[in-house]
Amino acid sequence: MKPTPSNPASALVNRVSREAANPPYKLPPPLFDARCRACWFSAALLVLVVASFVSLDLDWSAFASMEAARSMGRFVAEFFPPDLSPVFVNKVAWAAWETLAMSALGTVMAAALGLALAVPASRMSAQDPAWLRSPTRWLLNALRAIPELVWAALLLISAGLGPMAGTLALALHTSGVLGRLFAEAMENIPTGPGDALRTQGVRPLRVFFYATLPQVLPQLMSYTLYRWENNIRAAAVLGVVGAGGLGQMLSFHMGLFHMNKTATILGAMLLMVACVDALSFAARRWLTR
């Protein structure tokens with residue numbers, strides 16, 4: 001029989017010290033284990049990064065030299081002062097509106113097409129055979145695998161120069177992105193409301209509108225607004241290939257080394273993106289409350 005400590009405080013300290021001691025099986029695992037797949041993956045990734053630095057001809061000494069810093073300083077100084085003449089500012093404002101319209105219309109078209117493709121690309125219930133799930137997902141992968149610039153270059157042949165090609169390019173690429181996100185959101189919702197309607201003999205279309213869509217609608221709107229933010233930047237870049245908007249003005253004036261006009265265009269891009277980001281962030285927070 002163990003002796004009982006006369007002091008209750010010492011007994012409490014002994015009990016806490018025994019409970020606080022870490023048994024051997026709770027010690028942290030070693031940093032590298034031959035049976036750890038994540039360890040081997042991290043090691044392979046590290047080797048790939050090192051091989052990339054070795055194989056690429058990166059002259060870091062020239063990049064960090066004083067001559068490079070002076071050249072960059074002279075280049076940045078050419079941007080000032082920006083061209084703020086009323087005539088040019090009006091042109092920039094119209095191009096900014098064109099870029100904003102391209103991104104908005106392209107995102108709306110992409111959301112509609114993505115939702116139409118997300119329905120056959122998702123399995124709504126365990127009883128759903130989802131025959132079109134795999135081919136539709138392959139189509140979504142193909143749409144988002146081609147960048148917006150490539151889509152714009154291809155569509156310039158049929159749609160010609162201007163915002164039409166840029167809008168369609170944004171719509172095609174973004175529909176692949178949103179379609180996949182929408183399909184994943186539909187597959188991960190609780191199936192209880194939909195199953196309850198199916199047991200009552202409700203048709204699949206009504207189940208979608210009364211059970212599936214109300215659950216995922218805030219998430220779909222959040223995804224759409226986030227992609228609109230990305231499409232603002234993409235629409236500004238698409239003009240480089242002749243798709244209209246601020247990008248086309250930027251490519252033209254940079255090609256002629258009109259750096260003061262280029263500074264005004266870049267400032268308009270930054271202001272437009274900041275405003276849209278703030279608006280989209282506020283809208284997504286309101287939708288997810």
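Note that this is a predicted model, so its numbers are computed, not measured.
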Determine whether N260 and F80 satisfy the following criterion, side-chain contact (heavy atoms from CB on, under 4.5 Å), listing intermediate values before the conclusion. CA-CA 6 Å; N260 54 346; F80 298 96; over 6 Å; no
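- The side-chain heavy atoms of L225 and E229, taken from C-beta on, include no pair separated by under 4.5 Å.
- Look at E187 and R133 and you find a salt bridge, because one of the NZ, NE, NH1 or NH2 atoms lies within 4.0 Å of a carboxylate O, short of that distance.
- Counting heavy atoms from C-beta on, the side chains of I232 and M269 never come closer than 4.5 Å.
- Side-chain polar atoms of S71 and R74 form a donor-acceptor pair below 3.5 angstrom.
- With hydrogens and angles ignored, the 3.5 Å screen pairs a side-chain donor or acceptor of R137 with a backbone N or O of A121.
- At a threshold of 4.0 Å, the pair E184-R180 counts as salt-bridged, since one of the basic side-chain nitrogens sits closer than that to a carboxylate oxygen.
- The 12-atom threshold is not exceeded at CE of M164, counting heavy atoms of other residues, nucleotides or ligands nearer than 6.0 Å.
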Report the C-alpha separation of W94 and V89 in whole Å, then their side-chain angles, then the decisive distance to 0.1 Å, and conclude whether the side-chain contact (heavy atoms from CB on, under 4.5 Å) test is met. CA-CA 9 Å; W94 174 255; V89 169; over 6 Å; no
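- Side chains of Y223 and V216 form no contact here, defined as non-hydrogen atoms less than 4.5 Å apart.
- Between E78 and K261, none of the side-chain N atoms (NZ, or NE/NH1/NH2) sits under 4.0 Å from a carboxylate O, so this pair counts as no salt bridge.
- In this structure, the side chain of S251 does not engage the main chain of Q248 through any donor-acceptor pair within 3.5 Å.
- Defined by atom type and a distance below 3.5 Å, a donor-acceptor pair is missing between the side-chain atoms of D83 and T264.
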Between L155 and L172, does a side-chain contact (heavy atoms from CB on, under 4.5 Å) hold up when you go through it step by step? CA-CA 11 Å; L155 291 168; L172 289 173; 4.1 Å; yes
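- Counting only distance, with no hydrogens or angles, the side chain of W151 and the backbone of G166 share no donor-acceptor pair below 3.5 Å.
- Aromatic ring centres of F79 and H258: separated by at least 6.0 Å.
- L45 belongs to no multi-residue hydrophobic cluster, having no ILVMFWY side-chain contact under 4.5 Å with any other such residue.
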